[in-house]
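Below, read A as the first sequence line, B as the second, and so on, with proteins coming before strands; counting in each chain starts at 1.
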Amino acid sequence: QEHEVEKMFTLKPGRLPQADVKNIIFFVRPKLELMDIITDNVLREDRGRSPQRDFHILFVPRRSLLCEQWLKEQGVLGSFIHREQYSLDLIPFDGDLLSMESESAFKECYLESDQTSLYHAAKGLMTLQALYGTIPQIFGKGECARHVANMMIRMKREFPGSQNSIFPVFDTLLLLDRNVDLLTPLATQLTYEGLIDEIYGIQNTYVKLPPEKFAPKKQGEGGKDLPTEPKKLQLNSAEELYAEIRDKNFNAVGSVLSKKAKIISAAFEERHHAKTVGEIKQFVSQLPHMQAARSSLANHTSIAELIKDITTSEDFFDNLTVEQEFMSGIDTDKVNNYIEDCIAQKHPLIKILRLVCLQSVCNSGLKQKVLDHYKREILQTYGYEHILTLNNLEKAGLLKPQTSGRNNYPTIRKTLRLWMDDVNEQNPNDISYVYSGYAPLSVRLAQLLARPGWRSIEEVLKMLPGPHFEERQQLPTGLQKKRQHGENRVTLVFFLGGVTYAEIAALRFLSQMEDGGTEYVIATTKLINGTSWIKSLMEKLEPAPF
Amino acid sequence: MSRARADEEEYWHSSKFRAFTFDDEDDELSQLKESKRAVNSLRDIVDDDDDDLERVSWSGEPVGSISWSIKETASSSTSSLESRDSSLQKGSSSYAAFPKQVSSYSLSSLFKGFLCVTQFCLSLSALSDTGVKNYAPELRRPKAEYKDYNNDWSPKDTVRRMQRGKVCSLERFRSLQDKLVLLDEAVAGHDGNIITAVLIFLKRTLRREILFRELEVRQVALCHLIHFLKETGEQKLLLDLLRFLDRTEEVALSQYREHLNIQDVEKRREFLKGCIGLPFSAEDTSHIQDHYTLLERQIIIEANDQHLETAGQSEIFRKYPRKASILNMPLVTTLFYSCFYHYTEAEGTFSSPTNLKKTFKIPDKQYVLTALAARAKLRAWDDVDALFTTKNWLGYTKKKAPIGFHRVVEILQRNSAPVQVLQEYVRLVEDVETRLNLATKYKCHDVVIETYRDLKDRIQLTAYKCKVERGSAEEEKINSILSNTVRN
């Protein structure tokens with residue numbers, strides 16, 4: 001939808017290609033801010049246009065009565081000839097990844113108790129089942145997970161005819177609330193893709209990078225346009241090289257890149273050995289592939305260099321050290337010096353909030369005195385109005401006083417083996433490689449569910465918020481799977497409230513484990529990182545532009 | 001319609017591909033049949049329009065047949081492709097395909113396209129809170145109304161129909177009992193869109209006290225209403241509701257939030273003053289109080305300094321013109337400003353740093369850091385020196401810093417302090433390792449040399465000789481130490 005907003009901005013001044021555009025379609029998320037932009041567009045466009053333009057509006061994924069009322073109040077609803085909806089619940093992002101791209105889902109569920117996004121999630125899952133067969137087993141953990149499962153069961157009951165005769169692709173559905181694992185997104189992701197996202201922000205599989213490192217390829221271009229526009233790249237597994245390195249720990253990326261470089265230059269060298277016409281022909285036929293590989297390698301080498309500049313910086317190291325201390329349970333109950341220093345130096349507020357929240361989560365809440373101290377420092381340095389944001393974080397459970405007087409985190413950490421001291425970043429043997437030591441709690445839950453089952457961790461599950469449950473959906477006898485020996489089970493993991501790239505990497509790692517026995521497909525309400533997540537919870541302090 | 005379609009097809013670069021369609025949910029099929037019947041029965045009532053499509057949708061019945069297609073073959077483009085097949089009889093349907101990605105397994109490609117064309121939104125009149133406005137779709141209303149008395153849906157059916165985006169007037173639900181059943185059904189459906197629609201209807205048709213009372217026992221609906229009121233900015237009703245529910249802290253925060261919309265500083269100050277008495281938590285109350293006091297101060301300082309600046313009398317303002325006004329800046333920024341422009345003022349004035357420190361109980365650490373940064377920026381090294389000098393009762397002076405001298409060095413260095421100033425503080429860094437690092441980094445040769453001397457590290461000292469300039473005083477110093485230590 002960001003893409004669409006961009007388009008709307010180009011619509012506004014009215015310098016569209018003239019005659020051939022008769023219809024203007026607004027393709028939008030049902031959000032009031034967007035309605036305001038549209039209103040502005042329509043009002044500006046209407047005046048003095050000789051060929052009258054037709055406006056249409058398409059809501060994704062649902063028509064919103066609230067938005068239509070808003071448009072009506074602005075007096076522009078009548079300008080739209082069609083108001084329709086495009087029920088796109090789950091958008092495929094990659095071979096094994098689906099996202100609803102609803103960034104406010106977490107905020108809506110936990111701050112505003114608005115479960116509409118859960119309703120859409122359930123709808124999306126029903127569609128998925130219509131396509132890929134009824135999923136026989138549903139597991140879940142958390143309040144929202146329970147809701148979604150209930151809705152699915154209800155929807156199924158209400159449409160008794162929906163029993164389809166498709167052989168089920170998925171064996172298990174695992175629904176996980178984001179608030180069961182608030183910790184993971186707060187930590188800095190250390191996979192290649194995770195770091196790209198942390199540093200530059202991946203938007204709908206695209207990333208914008210500073211252009212300096214991407215020198216123009218041809219000599220001729222160099223003079224006339226100096227690279228000032230950010231370089232935009234698409235990232236997905238269709239790119240062979242990216243598929244190989246995206247989920248690796250960043251420290252393991254360098255060696256892969258240099259190995260690839262050698263292979264490619266060796267391949268190019270071969271032209272000298274090509275003697276016969278046939279050999280030359282063969283070489284030439286391979287050229288396009290080789291050239292693509294070379295440019296892909298060049299791009300990723302540049303990106304890796306950019307990232308390396310940051311990961312080798314002192315501040316990145318200090319930040320990471322503090323994060324890792326918290327996650328391994330060191331000094332989580334007192335005011336942290338590094339955080340104080342960062343506040344004093346006015347580092348970005350989101351960075352501070354991430355760290356403070358991380359500390360709070362790793363300590364099952366902060367001591368009242370510590371919490372008050374942080375709050376005061378933040379408000380004095382960044383402005384008192386942030387009291388609203390701090391309040392939101394408290395409501396979401398990210399930042400809270402320790403009420404029970406007991407810190408559950410060490411127990412959870414030990415039982416679920418969330419902290420691994422011996423990490424192998426190059427050839428990982430455990431999911432903890434994605435955070436260089438910390439194994440994401442959410443993925444651990446998925447892993448333990450597959451083997452040996454949740455019964456073994458009942459105690460810990462009770463410490464985590466929300467109920468855990470299991471449901472079964474009956475299949476007609478003909479469709480029940482008879483499992484071949486050695487055949488992998490397929491589990492769909494649905495993260496309600498967002499998932500990080502590092503968690504995805506960890507699940508992919510589990511899929512590829514030889515003795516794993518389970519493959520994972522991932523669905524979520526939104527791809528997030530700590531920064532975008534905290535941002536979604538912050539109070540908007542600037543008044544709307546209109 | 002057809003124009004729209006042609007255009008959309010262009011827009012989506014529709015491509016030809018093989019597709020197979022799955023059966024719809026049976027329910028939708030039966031709905032379609034129902035729809036057909038309804039259309040047929042309506043045909044003589046509804047005026048004939050240009051095409052079938054329009055008519056279908058006018059009846060308010062579902063016109064979208066859904067067809068899904070999966071495409072398992074690779075495609076060159078990775079963006080979703082979609083095309084609409086206009087030849088399909090019942091309304092528009094959408095085909096969608098997602099190209100298969102290279103991935104570890106093959107259940108990858110999946111995409112769902114679903115386009116449901118309904119031309120009415122839920123009876124528009126039901127949504128209007130402010131009376132009738134004149135706009136085009138209102139013209140179609142009679143047909144919607146016609147629909148109203150033709151059907152008599154139960155609350156449950158109404159909600160279900162609304163979930164499918166169909167026209168349903170809520171006006172039929174007259175009694176409180178009916179309305180509440182409707183609301184409960186909507187809540188049970190979990191679709192916020194519908195819940196909100198029902199709430200808007202209830203809000204319009206119920207007395208406030210009754211609405212509040214009933215919502216109190218319906219938490220989900222309540223949350224939706226609160227969210228809705230926040231979004232649409234109906235502050236007054238929101239506050240009334242929160243007050244009714246006795247959620248005092250929320251009332252306070254919500255009211256406080258309002259100040260962000262007030263641009264005029266005087267008005268904002270007045271507003272914040274009013275916020276002080278609100279029932280915040282104890283901790284928050286003191287922050288709000290501080291917020292008010294700060295803005296009050298800033299207004300005074302701003303007026304004063306603006307005057308000074310335009311008068312051109314004050315040297316500091318002439319030398320360093322202000323880049324922005326101090327209004328609405330955070331406390332620490334204000335302190336920096338005051339350390340920059342008003343450092344020497346007596347504690348009695350509002351703009352003096354010490355006064356700010358006292359009023360807002362700024363911790364020592366914070367104060368020293370800020371003052372240091374401000375004075376270093378002005379290159380007032382004497383002030384910096386004074387900041388860390390303490391006299392004990394015997395009159396000895398001693399250097400002390402609440403923040404650690406390595407931090408002091410960093411800040412000074414960032415403000416490009418000369419080596420003489422810098423090395424004085426590097427020398428004070430207690431940890432030897434850190435001291436050496438800093439001294440080496442910032443080329444404080446004397447400190448490096450002295451430290452190695454104290455450590456009696458001949459090897460390092462000799463090695464360091466190549467780092468200093470040939471024939472310089474530092475080199476001489478190293479040489480003399482090296483020859484001295486032999487005697488020791």
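Neither the backbone nor the side chain of B:Ala373 comes within contact range of chain A, judged by heavy atoms closer than 4.5 Å. In this structure, chain A has heavy atoms under 4.5 Å from both the backbone and the side chain of B:Phe360. Both the backbone and the side chain of A:Arg376 come within contact range of chain B, with heavy atoms under 4.5 Å apart. Heavy-atom distances place the side chain of A:Asn337, and not its backbone, under 4.5 Å from chain B. B:Leu369 touches chain A through its side chain: at least one heavy atom from C-beta onward sits under 4.5 Å away, while N, CA, C and O do not. Residue B:Thr370: no heavy atom, backbone or side chain, is found under 4.5 Å from chain A. For B:Ile288, the part lying under 4.5 angstrom from a heavy atom of chain A is the side chain only. With a 4.5 Å cut-off on non-hydrogen atoms, A:Asp114 touches chain B through its backbone and its side chain both. Contact of B:Leu294 with chain A is made through the side chain alone, with heavy-atom distances under 4.5 Å.
Between A:Tyr384 and B:His287, the two ring planes are tilted [angle within 30° to 60°].
Of the residues considered (B:Gln219, B:Met329, B:Glu249, B:His291), B:His291 shows the highest number of contacts with chain A, using heavy-atom pairs under 4.5 Å. Between chain A and the residues B:His259, B:Gln366, B:Arg257, the most heavy-atom pairs under 4.5 angstrom are made by B:Arg257. Options B:Thr333, B:Asp290, B:Ile195 differ in how many heavy-atom pairs under 4.5 Å they form with chain A, and the most are formed by B:Asp290. Ranked by heavy-atom pairs under 4.5 Å with chain B, the first of A:Leu97, A:Leu379, A:Asp372 is A:Asp372.
For the residue pair A:His147 and A:Tyr119, no side-chain donor N or O sits within less than 3.5 Å of a side-chain acceptor on the partner. The closest side-chain donor-acceptor pair between A:Arg146 and A:Asn150 falls under 3.5 angstrom.
The only option from A:Met155, A:Met152, A:Lys156 that meets the side-chain contact (heavy atoms from CB on, under 4.5 Å) definition with A:Gln129 turns out to be A:Met152.
For the pair A:His386 (side chain) and A:Gly383 (backbone), a donor-acceptor distance under 3.5 Å is absent. Side-chain atoms of A:Asn236 come within 3.5 Å of backbone atoms of A:Ala238 as a donor-acceptor pair (strictly under, hydrogens ignored). Remark: side-chain polar atoms of A:Thr205 are not paired, donor with acceptor, to backbone N or O of A:Gln234 under 3.5 angstrom.
Here the CG atom belonging to A:Leu128 is positioned 6.0 Å from the CG atom belonging to A:Leu98, to the nearest 0.5 angstrom.
Every salt bridge (charged side-chain N to carboxylate O under 4.0 Å, His left out) that B:Lys365 has, sequence neighbours left out, goes to A:Glu340.
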